[in-house]
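Below is one structure, written out as structure tokens, with a few remarks after it.
Throughout, protein chains are lettered first and strands after them, A, B, ... in sequence-line order, and every chain is numbered starting at 1. None of the values given here were measured: they were computed from a predicted structure.
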2 protein chains.
Amino acid sequence: MPRRKEKRTHQDLSTIFDMIEYPDAFRITYLANAVVFPTYDTIKKDFGLIRAEYVLLACLSHYDVLTAQDVSRISGRPRNTVGRAVHRMLDEGYLARTPDAKDGRQATLRITPEGRALHEKIAAYLKERQENVLSALSAKERHTLSQLLKKAALDVASKDS
Amino acid sequence: MPRRKEKRTHQDLSTIFDMIEYPDAFRITYLANAVVFPTYDTIKKDFGLIRAEYVLLACLSHYDVLTAQDVSRISGRPRNTVGRAVHRMLDEGYLARTPDAKDGRQATLRITPEGRALHEKIAAYLKERQENVLSALSAKERHTLSQLLKKAALDVASKDS
DNA sequence: GCATTATTGTACCATTTGGAACAACTTGAA
DNA sequence: TTCAAGTTGTTCCAAATGGTACAATAATGC
């Protein structure tokens, strides 16, 4: 175990990478914390969307029509969080809501052109960020990592129904 | 793009896995969201620690002596969050604080045997969870993934100094 | 030595978050 | 048909989070 000599920095993490009892989970978490959440901060600052709002936008940009409940189920976030995001995005004009004629409880949501344009800007930013994060890997390594992550993620997705 | 026919579920994510503009970042985020954060919820429920408190415990279980500021730098969390966790963990007896004789501003923190015992229990739980998440991969795939994640994570860690 | 600047830990506050309960509506069974 | 149970969207509330500012102490420059 490292003994204290001088100021600890973020770099000291490298020793934990090997000492930790659950190295893979830790590395995944580390990448997510170091990359994804600062990214959400940037999205909030530069694009004015909080996380729940961007999740909603991303869902609607990949599905044609969804209800708020669908978004909740797909994204795994609670209904009230999604509901708040829906109202905010309606006010901003990034999505449109149509009451369902057949079911008076629910309303169908669609993304507007403005919403799609916003999502494209944010997606481009996220992609750039992804490239930066994985720039240490070769093309072949990138491909391998991508496949392994997909395999693991799909397995997880299949487990919690 | 999928058109609406019936209820969307969490499983619909599998289509997004390929459609998304930043597939690797998305998969990493997905694994972190599906695995790590529910895990934090479990840690809170079963062990009574919030995330900041567990981060503190994990840091102190891998370094001999740290100040609150060290923990903040290593973990990347703000000082006030760490400070709150320190007081809570002191009250619970999971760590000990000694005022620094040389620097009146700071105090050195150490984990207590109780804290170490708690961390071992939580670490065992996290390890089990990790195994469950990666169970779809073969031993060889696990090893490859582990190496690639380490390479990417260390590169990221080296970038933000 | 003295004044300015930097650092540590803390307090305050606004924001985000999600659990629980609720009303409106639909579905299913008797 | 009618009533119980389930679903959708919303409101309310408590908890966690992190930015900002602050007091105390240390380090630096003159």
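Rounded to whole Å, the distance from CZ on A/Arg77 to C1' on D/dG9 is 19 Å. When rounded to the nearest whole Å, the span between NZ of A/Lys44 and P of D/dG19 equals 9 Å. One can place CD1 of B/Ile43 at 20 Å from P of D/dA15, the figure rounded to the nearest angstrom. For the pair A/Arg88 CZ and D/dG9 P, the computed distance is 20 Å after rounding to whole Å. Whole-Å rounding puts the A/Ile50 CD1 to D/dG18 C1' distance at 15 Å. A straight line from CG of B/Leu109 to C1' of C/dT10 spans 14 Å, rounded to a whole angstrom. Spacing between atom CZ of A/Arg79 and atom C1' of C/dT17 amounts to 15 Å, rounded to whole angstrom units. A straight line from CG of B/Asp41 to P of D/dA16 spans 11 Å, rounded to a whole angstrom.
The side chain of A/Thr81 contributes no N or O atom lying less than 4.0 Å from OP1 or OP2 of C/dT17. Taking only side-chain nitrogens and oxygens, B/Arg51 never comes nearer than 4.0 Å to OP1 or OP2 of D/dA15.
Electrostatic pairing of B/Arg73 and B/Asp70 counts as a salt bridge here, judged by a charged N lying under 4.0 Å from a carboxylate O. With salt bridges taken as basic N to acidic carboxylate O contacts below 4.0 Å, none links B/Arg116 and B/Glu120. Using a 4.0 Å cut-off between charged nitrogen and carboxylate oxygen, A/Asp91 and A/Arg88 do not count as a salt-bridge pair. Using a 4.0 Å cut-off between charged nitrogen and carboxylate oxygen, B/Lys102 and B/Asp100 do not count as a salt-bridge pair. At a threshold of 4.0 Å, the pair A/Lys127-B/Glu21 does not count as salt-bridged, since none of the basic side-chain nitrogens sits closer than that to a carboxylate oxygen.
Of all the residues in residues 90-98 of chain B, B/Arg97 reach under 4.0 Å from DNA chain C with at least one non-hydrogen atom.
If you run ring pair (Phe, Tyr, Trp, His ring centres under 6.0 Å) between B/His119 and each of B/Tyr94, B/Tyr54, B/Tyr125, B/Phe47, only B/Tyr54 comes through.
Note on A/Arg84: a base of the nucleic acid sits closer than 4.0 angstrom, heavy atoms only.
No donor-acceptor contact under 3.5 angstrom links the side chains of B/Ser135 and B/Asn132, judged on distance only. Checked by atom type, the side-chain pair B/Thr112/B/Glu114 shows a donor-acceptor distance below 3.5 Å.
Here the nucleotide nearest the side chain of A/Pro78, chosen from C/dG18, C/dG9, D/dT10, is C/dG18.
Applying the 3.5 Å distance criterion, the base of C/dG19 shares a donor-acceptor pair with the side chain of A/Asn80.
With values rounded to the nearest 0.5 angstrom, A/Leu134 atom CG is found 5.5 Å from B/Asp24 atom CG.
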Which letter, B, S or -, goes with each nucleotide of nucleotides 23-28 of chain C from 5' to 3', with contact meaning a protein heavy atom under 4.0 Å? -BBS--
